[in-house]
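Naming convention: chains lettered A, B, ... in sequence-line order (proteins, then strands); numbering from 1 in each chain.
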Protein chains: 4
Amino acid sequence: MAPSDKENQHLRDMRREQILDAAVKVFSRRGVIGTKMSMIAEVAGLSHGLLYHYFKSKDQLFTTLVEFAMEQSHSTMMYVYQLPGSPIEKIKTLTELIFREGNSAYFMLIHQARTSDGVPESAKELIQRHSIKTYVDQLLPLFEEGQRVGEIADGDPQELISCYLTVISGLMLLDTQVNGDYSKPDIDILLRIITVSR
Amino acid sequence: MAPSDKENQHLRDMRREQILDAAVKVFSRRGVIGTKMSMIAEVAGLSHGLLYHYFKSKDQLFTTLVEFAMEQSHSTMMYVYQLPGSPIEKIKTLTELIFREGNSAYFMLIHQARTSDGVPESAKELIQRHSIKTYVDQLLPLFEEGQRVGEIADGDPQELISCYLTVISGLMLLDTQVNGDYSKPDIDILLRIITVSR
Amino acid sequence: MAPSDKENQHLRDMRREQILDAAVKVFSRRGVIGTKMSMIAEVAGLSHGLLYHYFKSKDQLFTTLVEFAMEQSHSTMMYVYQLPGSPIEKIKTLTELIFREGNSAYFMLIHQARTSDGVPESAKELIQRHSIKTYVDQLLPLFEEGQRVGEIADGDPQELISCYLTVISGLMLLDTQVNGDYSKPDIDILLRIITVSR
Amino acid sequence: MAPSDKENQHLRDMRREQILDAAVKVFSRRGVIGTKMSMIAEVAGLSHGLLYHYFKSKDQLFTTLVEFAMEQSHSTMMYVYQLPGSPIEKIKTLTELIFREGNSAYFMLIHQARTSDGVPESAKELIQRHSIKTYVDQLLPLFEEGQRVGEIADGDPQELISCYLTVISGLMLLDTQVNGDYSKPDIDILLRIITVSR
DNA sequence: TATGAATGAGAATTCATTCAT
DNA sequence: AATGAATGAATTCTCATTCAT
């Protein structure tokens, strides 16, 4: 007797997740070209043939991940407004969230997508619609508020945000390395970039 | 008439240089696996066959570049002590130097070497001997001096250097992208990470 | 309640038929290599897994069809003797029968079997036992009769039959194409090949 | 010293020819899907890798052949007008030419292109622009002349040509088989299709 | 019996490297 | 020294076949 549709769907969802998980790990460290489907299969613990039951091609798998990463990063950003505390406390918590294990892979993925060559056009377009400007706009109200209450340094808030995000992005990139020689800097020190000193 | 040995040697040196120049450019953007020998040959303006008269293999070419990059970065660091001005002025100038066009390629190269897989063992070993700790040690006297004269913030100077270098490394990485969405942050803002505010 | 053996057997026979029908259609247009088991399954309206309950392999399925095609074509030929009318009228009706929808698939199948490579040895042997010579022999009495009554042109009757069958075979082949650019020629014109003109 | 450009070009031309020759043979018998690049390489007597120095892909190789085949068939048709003799003599010679060794491969190729599935769109378009109608138009003046001088049977000349060409095409297809069971029919018998009997 | 998930052998294509010229 | 033709190992992707349910 054939397994029920429901069981089957469940299985498919599990597998899909399993593959996506493995794929972020590998793509983020090795880029599109450097990633072999067989590696993803191995990390996911299944045969390479099976990958193609779930994703049409390496490109499509990658693009799916990029889409997901973009969504994730935006909702992480928006989440800041639900956090408790003063603006600077919110930003600190946000930074911690971003640095938290698991997020760097997505940053790296987006970086890979921006810089690499083997990247499918679909992924590139996706990314162009989500430039850093988008994030700056998302955070603008928070920074303006911070400046109003005197927690955040004076100056063009957009430049401040851009600078802060850029530094964070750079750190995320570095973070992806396996036998990391770098360690993530202390967040309080990083915050000096945007804070007013007493 | 056969060219003299000297002329010949000169020609060889030119070619070697030409190839190395092309290779940094390509490797830094595309990683080891993503770089095809034919791309390097094209950028260098010669046939791919000729590369093999100068470098045994792609791996050896890459390793040679990494060696060179390590030397470069160390001498750039040491150069700081020959710069004029107060400690913080020296650090600012050093930062500008590092950010200057052409250096990011070497940073990226080292990053590639650290993270990628196609990287020959020889290059990996080379890099492990030049961890960030080495750079920290190089800059330690300067930062201590800076703290003494009250230009640099208090706290563990090693952590401060490490943080600063890590941020800079991250920015160099980001910088390698072609149609960059990111722009390099203002150096004065970055310096807030290590400076004492008035 | 378990279905009776009889019902079960009936179901099996239905399924088998269903699969064979789908298979001729697909094989005849796409050849052995070009045909995927999943295509046959789709056309037959069942899962590809099920095909293997009825046929050991793609090869066996194909061979079964070839066997069937050979039998069909022979009995079609023999049927000519049961047709009413003079020899030439019989031949005309036979030709119409052969051209009738559904028969070309079998011709194509045999052609595929003759020419293709993915073809199992078993099918090839089968075909070699049924060369055109066999058909010529089947039709010989009819043609001789035709010559006797002056309806069919003089000359070696075997060559005449062979020529006629060859032309027909060629036309059947052409016919298999989907968006056919060719249309089947008028039978009366074709008959000129073998008839005496008044 | 590098080989001169001229030598090189010559070599390239030779190789290209060599590959195309091998490719017609294999494609015509096995279709696009059934043909493996390695087979072509083997028949041509070189490595499969080299094929890709001369043709971007299997598809492109196939399309190149189809283009060539179309040109060939058209110029063969037009050649009829340069042949000596009465209309029917011209047609007989033309038929012989078409049947001559080497031409059937091209017919088969076009047939493959029309019917198969693995066929690249580019090849399909090419073929749609060269339907049988084109050939009919090319031969129309000749057949009309034949009817005028009483050598060719009455009736719609376009239908007559179409019928004749269709029969010939079918025969060409059959002809491609290796251990041919069919033999090409006598041309004089075939001509009965279009001629007036005395 | 019926399904479709899973496997893995095999084919197309790429590219580092060699080598004749 | 210089070129680019030639090779073949490695990689992506397809699909016949198996098998758990």
Q. Measuring from E125(C):CD to T63(C):OG1, what's the distance to the nearest 0.5 Å?
A. 10.0 Å
Q: Would you kindly compare S38(B) and R15(C) by the position of their nearest DNA chain E nucleotide and give the one closer to the 5′ end?
A: R15(C)
Q. For L51(B) and G45(D), take the nucleotide of DNA chain F holding the closest heavy atom to each; which residue's nucleotide lies nearer the 5' end?
A. L51(B)
Q: Between T35(B) and M37(D), name the one whose nearest nucleotide on DNA chain E is closer to the 5' end.
A: M37(D)
Q. Dot-bracket for DNA chain E, 5' to 3', with Watson-Crick and G-U pairs under 3.5 Å, [ ] for crossing pairs and | for other-strand pairs: what is it?
A. .||||||||||||||||||||
Q) Under 4.0 Å: is that the gap between some side-chain N or O of N8(A) and OP1 or OP2 of dT3(E)? A) no
(Q) Under 4.0 Å, heavy atom to any atom of DNA chain F: which of residues 57-67 of chain D qualify? (A) none
Between the protein and nucleotides 8-10 of chain E, which nitrogen or oxygen pairs come in under 3.5 angstrom?
| residue | atom | partner | partner atom | Å |
| --- | --- | --- | --- | --- |
| dA9(E) | N6 | H48(A) | NE2 | 3.0 |

Q: Please indicate whether E42(A) has more than 12 foreign heavy atoms, meaning atoms of other residues, nucleotides or ligands, lying under 6.0 Å from its CD.
A: no
Q: Can you measure from CG (L50(A)) to OG (S47(A)) and round to the nearest 0.5 angstrom?
A: 5.0 Å
Q) For Y52(A) and dA5(E), what is the distance between atoms OH and P respectively, to the nearest whole Å? A) 18 Å
Q: Provide, to the nearest angstrom, the distance between the NZ atom belonging to K6(A) and the C1' atom belonging to dT21(F).
A: 17 Å
Q. Within this structure, what is the NE2-to-P distance between H10(D) and dT21(E), rounded to whole angstrom?
A. 15 Å
Q.
At less than 4.0 Å, is any side-chain N or O atom of Y54(D) found next to OP1 or OP2 of dA6(F)? Yes or no.
A. yes
(Q) Quick one about D5(A) and Q9(A) (side-chain donor to acceptor, distance below 3.5 Å, no hydrogens or angles considered), yes or no? (A) no
Q: Not counting sequence neighbours, list each pair that qualifies as a ring pair (Phe, Tyr, Trp, His ring centres under 6.0 Å) and has a residue in residues 41-68 of chain A.
A: F27(A)-F62(A), F68(A)-Y106(A)
Q. Within the structure shown, what part of the strands sits under 4.0 Å from F55(D) by heavy-atom distance: base, sugar-phosphate, or nothing?
A. nothing
Q.
Can you tell me how far apart OG (S122(D)) and CD1 (I127(D)) are? Round to the nearest 0.5 Å.
A. 9.5 Å
**Q.** Whole-Å gap separating C1' (dA6(F)) and CD1 (I19(D))
**A.** 11 Å
Q | Between CG on residue L109(D) and CE on residue M70(D), distance to nearest 0.5 Å | A | 9.5 Å
Q) Over how many whole Å does the gap from K56(D) atom NZ to dT14(E) atom P extend? A) 7 Å
Q | Rounded interatomic separation in angstrom, taking CZ from R30(B) and C1' from dT14(E) | A | 13 Å
Q.
Rounding to an integer number of Å, can you tell me how far I33(C) CD1 sits from dA11(E) P?
A. 9 Å
Q: Mind checking the CZ-CD1 spacing from R30(B) to I40(B)? Nearest 0.5 Å is all I need.
A: 10.5 Å
Q) Between CG of L61(A) and CE of M37(A), what distance do you get to the nearest 0.5 Å? A) 5.5 Å
Q: Hey, could you give me each pair passing side-chain hydrogen bond (donor to acceptor under 3.5 Å, both in side chains) that has a residue in residues 16-25 of chain A? Not counting sequence neighbours.
A: R15(A)-Q18(A)
Q: Compare all side-chain heavy atoms of L46(A) with those of L51(A) and state whether any distance is below 4.5 angstrom.
A: yes
Q: Name all residues meeting the side-chain contact (heavy atoms from CB on, under 4.5 Å) criterion together with S57(C); count only those two or more places apart in sequence or in a different chain, and write none if there are none.
A: D59(C), Q60(C)
Q. Roughly how many Å is it from CD in E42(B) to C1' in dT3(F), rounded to a whole number?
A. 15 Å
